[in-house]
**Student:** 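Could you have a look at this structure, given as structure tokens, before my questions?
Every heavy atom of this structure was used, including side-chain atoms; hydrogens, water molecules and symmetry mates were not. Given the structure is predicted, the values throughout are model-derived calculations rather than measurements. Letters go in sequence order (proteins before strands), and every chain restarts at 1.
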Amino acid sequence: MTNKLFIYNTLSRQKEEFIPLHENFVGMYVCGPTVYSDVHLGNCRTFISFDLIYRYLLHLGFKVRYVRNITDAGHLEGDRDEGDDKFAKKAKLEQLEPMEIVQKYSLGFHDVMRAFNTMSPSIEPTATGHICEQIEMIKVILTNGYAYEVNGTVYFDVEKYNKEYPYGQLTNRQLDDLLANTRELDGQDEKHGPLDFALWINAKAEHLMKWPSPWGWGFPGWHIECSAMSSKYLGDTFDIHGGGMDLQATHHTNEIAQSQACNHKAPVKYWMHTNMLTVNGVRMSKSAGNGFLPGELFTGNHRLLDKGYSPMCVRFFMMQTHYRSTLDFSNEALQASEKGYRKLMTAMELLDKLKASSTTTSDIITLKNNCYEAMNDDFNTAVLVAQLFEGVRIINSVNAGSETITASDLDTLKKLFNDFVIDVMGLMPEASAGNGIADGLMDLVLSIRTESKTKKDFATSDKIRDSLKQLKIAVKDEKDGTVNWTYEG
RNA sequence: GGUCGCGUGGCCGAGCGGCUAGGCAGAGGUCUGCAAAACCUCGUACAGCAGUUCGAAUCUGCUCGCGACCUCCA
């Protein structure tokens, strides 16, 4: 088995062997949500992708410090470093304190993450909790000469920075190309250069969220929080920094610039970017208005959805695609995944009931190696899932008696499924279908059906089965005479 | 317009020089009182054109189509 892990690094635009800065330890930072509204599914995909990455790193035995921030200040409506803060705007709209907005949507975010069975990060720092660190960092950048102050606002000097460091390296662009595509500065603009961005923003009197600083009352720019918090908890240089692809060109580019301007060190060894979620081929985004909320997806209460899909089904759906590919949401695709997911989980339940033989007809070791090979190749869950379905085939065949498996292979197979399905992919069996009354009723109804079958009264037994089917309850007669039933959502 | 990426069978989605994943749907079969499930078999796909090569879905060029970023967004 290949035990080298390869990760696609956005910086080099190729897969690189993953070698942590400190043996056995991994520092990973992921840009978290801006909690001024409900998380939408695109956000979730990124966090689920990094949850998988976190889980696999843990599975490999690394001690991982996973930091995912919560942006609760400083995120402006526009790119021009002016206008309303998103939180303040929402607060006015909902007639709440900005921090009430933050609290409300932070809790909502955590609920959704829990529904998707993601693990909590090791640290989840907030921007408002790290104002001092951000101010200190800005002071150093100013001292180092990469920033300037105008009327209480501090700007990062991109052109100056670019003389020493390749500003556009993350997106493989030259500064001249970037400059050529910016809008003309209008007369009002305080910035020296069109690419310059704010590190600290002067607050107007009516502004609700503001803090004292050496430059007067104000609030931090959007990018500085990640630089300040990542270096605080992971050091000036750390292993992995992740986020959605849409953050690559601006947010992450500026993060690198800030950190280098402050520490004169590249902050990150491996940059990882997850791809976008699309709906009918169009990117799901807040501004396009084509996103559904996780809750709407679970209940099916949305015009684009035929029905609801459970969080685990959605998680499985995402696992069938590589994290760097776009994922298109459609009812057809979701329904296909739902069936596949159930097939996988049904096989897992069967696994515990399987009987060992003295011989094995299947190659479990190769299967296991293939699973590791898939994951070691830049976390290729699509291939992993395909391999696991080979395992499903084996499980069903052994159960049917057409293949056999030894006790030791069976143990390997059980561990393999537990490791990859439960621990690494983070899938869990859906909540059990029944409750006491339903179970009791079903036992009664099915026993009547079994009686009529024994009497060859198939009209009655089929009537029972057909009626149950109308209620979305599927009845299965097993070969050994037992009868199983399941809800079909 | 600039930069980058993508176009794979009915649908979703891996692969990225030869061994032609996987899921869903479909066809046939085995099993079953009948179903369901499961298992077996099948469809022989890689946008188009030209080229490199013994050999290309995979490399190169061109054409067409789609998307991302350059504007808040994971």
Side-chain angles (χ1 to χ4, degrees), chain A residues 13 30-34 36-37 39-50 75-80 83 86 168 171-174 176-183 195 222 242-251 253 273-278 281-288 291 316-317 320-322 324-341 343-344 346-347 350 370 374 377 380-390 392-393 395-397 399-403 453 456-458 461-462 465-466 469 474-479 484-486 488:
Chain A
R13 277 164 291 282
V30 174
C31 289
T34 302
Y36 70 101
S37 65
V39 260
H40 78 99
L41 226 50
N43 299 288
C44 293
R45 157 115 109 150
T46 294
F47 303 135
I48 289 170
S49 294
F50 283 104
H75 208 147
L76 294 182
E77 281 290 315
D79 69 316
R80 317 214 66 189
K86 285 186 172 178
T171 43
N172 194 210
R173 274 179 258 194
Q174 298 301 314
D176 290 343
D177 298 331
L178 290 168
L179 285 170
N181 286 300
T182 53
R183 282 178 292 224
L195 258 21
W222 175 38
M245 257 175 199
D246 50 352
L247 298 183
Q248 192 181 327
T250 308
H251 184 57
T253 291
H273 290 97
T274 56
N275 215 137
M276 300 293 105
L277 205 67
T278 59
V282 180
R283 174 181 166 189
M284 185 187 280
S285 72
K286 289 176 186 175
S287 48
F316 175 77
F317 176 58
Q320 282 188 296
T321 312
H322 187 81
R324 279 191 290 112
S325 300
T326 53
L327 208 211
D328 194 49
F329 258 64
S330 66
N331 283 289
E332 256 187 315
L334 245 7
Q335 272 158 34
S337 281
E338 189 170 60
K339 293 194 177 173
Y341 169 67
K343 186 174 173 178
L344 180 66
T346 304
L350 249 186
N370 288 346
D377 182 17
N380 196 330
T381 52
V383 171
L384 205 219
V385 169
Q387 290 301 326
L388 289 171
F389 273 105
E390 169 63 14
V392 168
R393 208 209 89 241
I395 291 167
N396 287 326
S397 296
N399 182 243
S402 58
E403 292 202 32
K453 273 180 68 183
K456 305 259 184 216
D457 177 9
F458 296 121
S461 68
D462 286 354
R465 188 174 61 199
D466 293 345
K469 195 178 172 76
V475 175
K476 288 184 210 170
D477 297 328
E478 303 294 344
K479 282 199 176 134
N484 283 328
W485 64 276
T486 48
E488 288 185 330

**Student:** Do A:Thr253 side-chain atoms and A:Gln248 backbone N/O form a donor-acceptor pair below 3.5 Å?
**Tutor:**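 Flag set: sc A:Thr253 to bb A:Gln248 pair under 3.5 Å.
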**Student:** Hey, is A:Arg465 close enough to A:Asp462 for a salt bridge, meaning N to O under 4.0 Å?
**Tutor:**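 Yes.
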**Student:** C1' atom, B:C46 versus B:A38: distance in rounded Å?
**Tutor:**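 Between the two C1' atoms, the distance is 31 Å.
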**Student:** Please confirm whether any donor atom in the side chain of A:Arg465 sits under 3.5 Å from an acceptor in the base of B:A35, or the reverse.
**Tutor:**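 Answer yes: a donor N or O sits under 3.5 Å from an acceptor.
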**Student:** Out of B:G33, B:C70, B:C39, which has the shortest distance to the side chain of A:Arg173?
**Tutor:**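 Minimum distance to the A:Arg173 side chain belongs to B:C70.
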**Student:** From NE2 of A:His322 over to P of B:C16, roughly how many Å is that when rounded to an integer?
**Tutor:**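 Spelled out: NE2 on A:His322 to P on B:C16 is 11 Å.
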**Student:** Whether the side chain of A:Ser461 engages the backbone of A:Phe458 through a donor-acceptor N/O pair (distance < 3.5 Å, no angle test) should be reported.
**Tutor:**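 Yes.
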**Student:** Using purine N1 to pyrimidine N3 plus N6-O4 or O6-N4 for Watson-Crick, or N1-O2 and O6-N3 for G-U wobble, both under 3.5 Å, which nucleotide pairs with B:U58?
**Tutor:**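 Paired with B:U58, as far as the under-3.5 Å criterion goes, is no nucleotide at all.
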**Student:** For A:Phe329 and A:Phe317, take the angle between the two ring planes, folded into 0 to 90°, and tell me which bin it lands in: parallel under 30, tilted 30 to 60, perpendicular over 60.
**Tutor:**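 Plane angle over 60°, so perpendicular.
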**Student:** So which nucleotide from B:C11, B:G13, B:A38 ends up closest to the side chain of A:Glu332?
**Tutor:**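 Nearest to the side-chain atoms of A:Glu332, counting from C-beta on, is B:C11.
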**Student:** In whole Å, what separates the C1' atom of B:U8 from that of B:A47?
**Tutor:**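 That atom pair is separated by 10 Å.
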**Student:** Determine which nucleotide pairs with B:U53, using a 3.5 Å limit on both distances of a Watson-Crick or G-U wobble pair.
**Tutor:**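 Per the H-bond distance test, none.
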**Student:** Assuming nearest nucleotide by heavy-atom distance, tell me which of A:Pro33 and A:Ala333 is located more 5' along RNA chain B.
**Tutor:**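 Its nearest nucleotide being more 5', the pick is A:Ala333.
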**Student:** In Watson-Crick or G-U wobble terms, both distances under 3.5 Å, what is the partner of B:C42?
**Tutor:**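 Because both required distances fall under 3.5 Å, B:C42 counts as paired with B:G26.
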**Student:** If you assign each of A:Arg13 and A:Ser461 to its closest nucleotide in RNA chain B, which residue comes earlier from the 5' end?
**Tutor:**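 Of the two residues, A:Arg13 wins.
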**Student:** Considering just the side-chain nitrogens and oxygens of A:Lys339, establish if one lies under 4.0 Å of OP1 or OP2 belonging to B:A25.
**Tutor:**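 For B:A25, OP1 or OP2 has a side-chain N or O of A:Lys339 closer than 4.0 Å.
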**Student:** Mind checking the P distance from B:G17 to B:G26? Whole angstroms is fine.
**Tutor:**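 Approximately 35 Å lies between the P atom of B:G17 and that of B:G26.
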**Student:** Among B:G15, B:C34, B:G22, which nucleotide sits nearest the side chain of A:Asn380?
**Tutor:**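 Given the options B:G15, B:C34, B:G22, the side chain of A:Asn380 is closest to B:G15.
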**Student:** B:C12, B:G33, B:G22: which one has an atom nearest the side-chain heavy atoms of A:Phe458?
**Tutor:**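 Nucleotide nearest to A:Phe458's side chain: B:G33.
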